[in-house]
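One structure below.
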Amino acid sequence: GPKRLKNATGLSKSPDVLIAADVVYGDDESNMESIVRTMRLLCDEHTLVILAHGQGAAPGVWNSEGPFFSHARKWFRHWQVPLGKADKKACVIHVLRLKRARNKQALSVIGKVAA
């Protein structure tokens, strides 16, 4: 669970910022589910997640679509950083923040269903 992962990584609490680059590639949905699950375990509603994707990103990622975002949107609010014309050929940046559960019991039930 979250506490075990944080202990294994030496974190005493969720980080303020989680940055990842080039992690959403291929078309294996189970890998995308694993990335989202790991992000969920590391984050709380205050953690800002910044993802950067290059040209070879998984299908749909450049347009905030596809299997990765189908899974991520269940748990995270999402924004795509607007880039200038020259930057669009290099990478795209997404910012995510864990959605707040209405109460801890709701979060627990949601976590069991999605896990």
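Only this structure's heavy atoms are used, side chains among them; waters, hydrogens and symmetry mates stay out. The first residue in the sequence is number 1, and the count goes up from there.
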Distance in Å, [X] [atom1] paired with [Y] [atom2], rounded so as to fall on 0.5 Å steps:
{"X": "Asp44", "Y": "Lys13", "atom1": "CG", "atom2": "NZ", "value": "7.5 Å"}
{"X": "Lys99", "Y": "Arg40", "atom1": "NZ", "atom2": "CZ", "value": "12.0 Å"}
{"X": "Glu33", "Y": "His71", "atom1": "CD", "atom2": "NE2", "value": "4.0 Å"}
{"X": "Glu29", "Y": "Ser70", "atom1": "CD", "atom2": "OG", "value": "7.0 Å"}
{"X": "Thr47", "Y": "Leu42", "atom1": "OG1", "atom2": "CG", "value": "8.5 Å"}

Do [X] and [Y] have side chains that approach each other closer than 4.5 Å (heavy atoms only, starting at C-beta)?
{"X": "His78", "Y": "Phe69", "value": "yes"}
{"X": "Met39", "Y": "Leu18", "value": "yes"}
{"X": "Ser64", "Y": "Arg73", "value": "yes"}
{"X": "Arg37", "Y": "Trp75", "value": "no"}
{"X": "Leu96", "Y": "Leu51", "value": "yes"}
{"X": "Val17", "Y": "Ile50", "value": "yes"}
{"X": "Trp79", "Y": "His94", "value": "no"}
{"X": "Asn31", "Y": "Phe68", "value": "no"}

**Prompt:** Within the distance-only criterion (no hydrogens, no angle test), does the side chain of Arg97 pair as donor or acceptor with the backbone N or O of His46 below 3.5 angstrom?
**Reply:** yes
**Asked** Under the side chain to side chain contact (heavy atoms under 4.5 Å, CB included) criterion, do Leu48 and Val95 qualify, and how do the steps go?
**Response** CA-CA 7 Å; Leu48 190 67; Val95 177; 3.3 Å; yes
**Prompt:** Ser14 and Cys43: which non-hydrogen atoms are nearest, and at how many Å?
**Reply:** OG-C, 3.4 Å
